Engineer: 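One structure coming up, written as structure tokens, with questions to follow.
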Amino acid sequence: DAVLSIDIGGTKTMAALVCGDNVVEEVVVATERGAGPDAWISTIFETTSGWADRYQRIGIAVTGVTEAGTWSALNPATLPIPDRYRLVDCVETLFGKPAFAINDAQAAAWGEYRFGAGTGVSRLVFLTISTGIGGGVVIDGKPLLGLAGHFGLIRSQSEGQSPFEDQTSGRWIASEAAQNGHQIDAVGVFDRARNGEGWAAEIVSRSALRAATLCRDIQLMLDPDVIVIGGGIGLAEGYLDLMRSHFKELSPRLAPRLVAARLGRHAGIIGAADLAGESRA
Ligand code: BMX
């Protein structure tokens, strides 16, 4: 039967009834940043009250790090969360059903591994370039949890000066546009770049170069069969090809194999539902 699957991201929250890779019901609400986790969870409870007798388990994919049922922010700029918030206890108490919590990108990695672009491989890395930058790793059929995959927080490309996502993600693209005197979001910068505005194309290509360099490093660290690229930026027109253009001189053995995420915005809820359904909850 169905699983209630919830995806709490930095800008929006999705709740859905999921059976395998079928999203049977779906609702999306804004994540009110200042309201805090108690409010976000009770909003989902009210919004999905009509589905109460249609599921027995709950999967929760969240931006931030989950450890033994607790939830913390690594980058509060993406979403401010009280440290070690008792996410699973709060959801199980309010909804009255067993719950399983996992990071949103780790959930998406599992979703793509099971039902999307990663079916048939044994070692997959998922990289989402969106508001922040998230990632997930599946090694020989096992999803890595905890801190694993938090590529947005690494510092090696900036000699330790700032987290990778603060110089590459959608939030960075928008802040660079503002430095150029344009108050537009990342999607707007892509539109201007497509219309031939050089300043915008330059920002997009700097982001893509950094993401491509990260993928080269991931290949040497984890040697995945495939790197699945997701997120609003990662899947924006032309971005994946820009990334691939930096691998042309690489030997085939070292060149990362990038593929576009197939489950799109549903990857996280499908992955979280599958893991919750595996009676991990
Ligand atoms: C941040 C971090 C990751 C998350 C990634 C993408 C927080 C709150 N989030 O690096 O856990 O996976 O952003 O988040 O520290 P998204 O909301 O853009 O999907």
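Atoms within a ligand are numbered from 1 in the order they appear, just like the ligands themselves. For clarity, every value in this text was computed on a predicted model and none was experimentally measured.
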Engineer: Could you state the interatomic distance from CD (Glu237) to CZ (Arg194), rounded to the nearest 0.5 Å?
Structural biologist: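 It is 4.5 Å, given to the nearest 0.5 Å.
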Engineer: Do any nitrogen or oxygen atoms of Leu153 come within less than 3.5 Å of a nitrogen or oxygen of ligand 1?
Structural biologist: no
Engineer: In the protein, what heavy atom is nearest to atom 4 (C) of ligand 1, and what distance, to one decimal place, separates them?
Structural biologist: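 Here the nearest protein heavy atom works out to Thr63 OG1, 3.4 Å.
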Engineer: Taking the six-membered ring for Trp, is the centroid-to-centroid distance between Phe151 and Phe164 below 6.0 Å?
Structural biologist: no
Engineer: Under a 3.5 Å cutoff, is there a donor and acceptor pairing between the side chains of Ser5 and Tyr55?
Structural biologist: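 Short answer, no.
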Engineer: Looking only at heavy atoms, what is the nearest atom pair of Thr48 and Ala15, with distance?
Structural biologist: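 Distance-wise, the nearest heavy atoms are CG2-CB, 3.7 Å.
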Engineer: Out of all atoms in ligand 1, which are within 4.0 Å of some heavy atom of Thr131? Include the element for each.
Structural biologist: 18 (O)
Engineer: What residue and atom, counting heavy atoms only, is the protein's closest point to atom 10 (O) of ligand 1, and at what distance?
Structural biologist: Glu165 OE1, 2.8 Å
Engineer: Measuring from atom 16 (P) of ligand 1, which candidate in Ile133, Asn103, Asp104 has the nearest non-hydrogen atom?
Structural biologist: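 It is Asp104 that holds the nearest heavy atom.
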Engineer: With the threshold set at under 4.0 angstrom, would you say Thr128 reaches ligand 1 through any of its heavy atoms?
Structural biologist: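 Contact check Thr128 vs ligand 1: negative.
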Engineer: Under 4.0 Å from any heavy atom of Ser130, which atoms of ligand 1 are there?
Structural biologist: 18 (O), 19 (O)
Engineer: By number and element, which atoms of ligand 1 are closer than 4.0 Å to a non-hydrogen atom of Gly10?
Structural biologist: 17 (O)
Engineer: For Arg84, is there an ion pair with Glu67 - N to carboxylate O distance below 4.0 angstrom?
Structural biologist: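 Salt bridge absent between Glu67 and Arg84.
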Engineer: Would you mind checking if Glu26 and Arg265 are paired as a salt bridge, meaning a charged N to carboxylate O distance below 4.0 Å?
Structural biologist: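 Salt bridge flag = yes for Glu26 with Arg265.
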Engineer: Taking only heavy atoms of Asn75 into account, list the atoms of ligand 1 that are under 4.0 Å away from them.
Structural biologist: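 Answer, ordered by atom number: 7 (C), 8 (C), 15 (O).
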Engineer: Crowded around Arg257 CZ? As in, over 12 foreign heavy atoms under 6.0 Å?
Structural biologist: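 Yes - once you tally the heavy atoms of other residues, nucleotides and ligands closer than 6.0 Å, there are more than 12.
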Engineer: Heavy atom under 4.0 Å from ligand 1: found in Thr78's side chain, backbone, both, or neither?
Structural biologist: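 For Thr78, only side-chain atoms sit under 4.0 Å from ligand 1.
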Engineer: Which ligand 1 atoms are under 4.0 Å away from a heavy-atom of Leu74?
Structural biologist: 7 (C), 15 (O)
Engineer: Using a 4.0 Å cutoff against the non-hydrogen atoms of Gly132, which atoms of ligand 1 qualify?
Structural biologist: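 Heavy-atom distances to Gly132 below 4.0 Å select 18 (O).
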Engineer: Evaluate whether atom CZ of Arg86 has more than 12 neighbouring non-hydrogen atoms of other residues, nucleotides or ligands under 6.0 angstrom away.
Structural biologist: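 No, not enclosed.
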